[in-house]
Amino acid sequence: MGKTKTTPVGAALHLHTPEAMAAHLNAAIAASDGDAAAVAKALGDCARAKGMSQVARDAGLSRESLYKWAAGERSPDFQTFVKVVKALGLGLTVEAVRT
């Protein structure tokens, strides 16, 4: 059987560049109110845009595990978050917030 061709859906259609992915993740983090599953879903959007199989390989995860993690079916742990961010070619930054 040949390879299945998949097409990105939803937000993944607009996430063609690392800058677009970073903006999507920053918006998700800002709106998440600490909901780690919401941030994992935003990472899933980015992973679908890049290709789930490739991101899973680069992150050292199984594709099935990445799908479940990004769907909120698995607890979104920080270690997996960092692996997926790196696999997407992104980095993490912390900044001071003035209130």
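Computation of the quantities below employed the complete heavy-atom set of this structure, encompassing side-chain atoms and omitting hydrogens, waters and symmetry-equivalent molecules.
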Minimum heavy-atom distance [X]-[Y], with the two atoms named:
X	Y	answer
G44	A70	CA-CB, 3.5 Å
A49	M21	CB-CE, 4.4 Å
L15	A20	CD2-O, 3.5 Å

Between atom [atom1] of [X] and atom [atom2] of [Y], what is the distance when rounded to the nearest 0.5 Å?
X	Y	atom1	atom2	result
T17	H24	OG1	NE2	12.0 Å
L66	R48	CG	CZ	8.5 Å
E19	L90	CD	CG	9.0 Å
L92	I29	CG	CD1	7.5 Å

Point to revise | Side chain proximity check, W69 to L61, heavy atoms < 4.5 angstrom | key: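 Sidechains of L61 and W69: no contact.
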Review point. Are any non-hydrogen side-chain atoms of V55 and L43 less than 4.5 angstrom apart?
Key: no
Point to revise | Whether K41 side chain and A28 backbone form a donor-acceptor pair below 3.5 Å | key: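 Answer holds: no.
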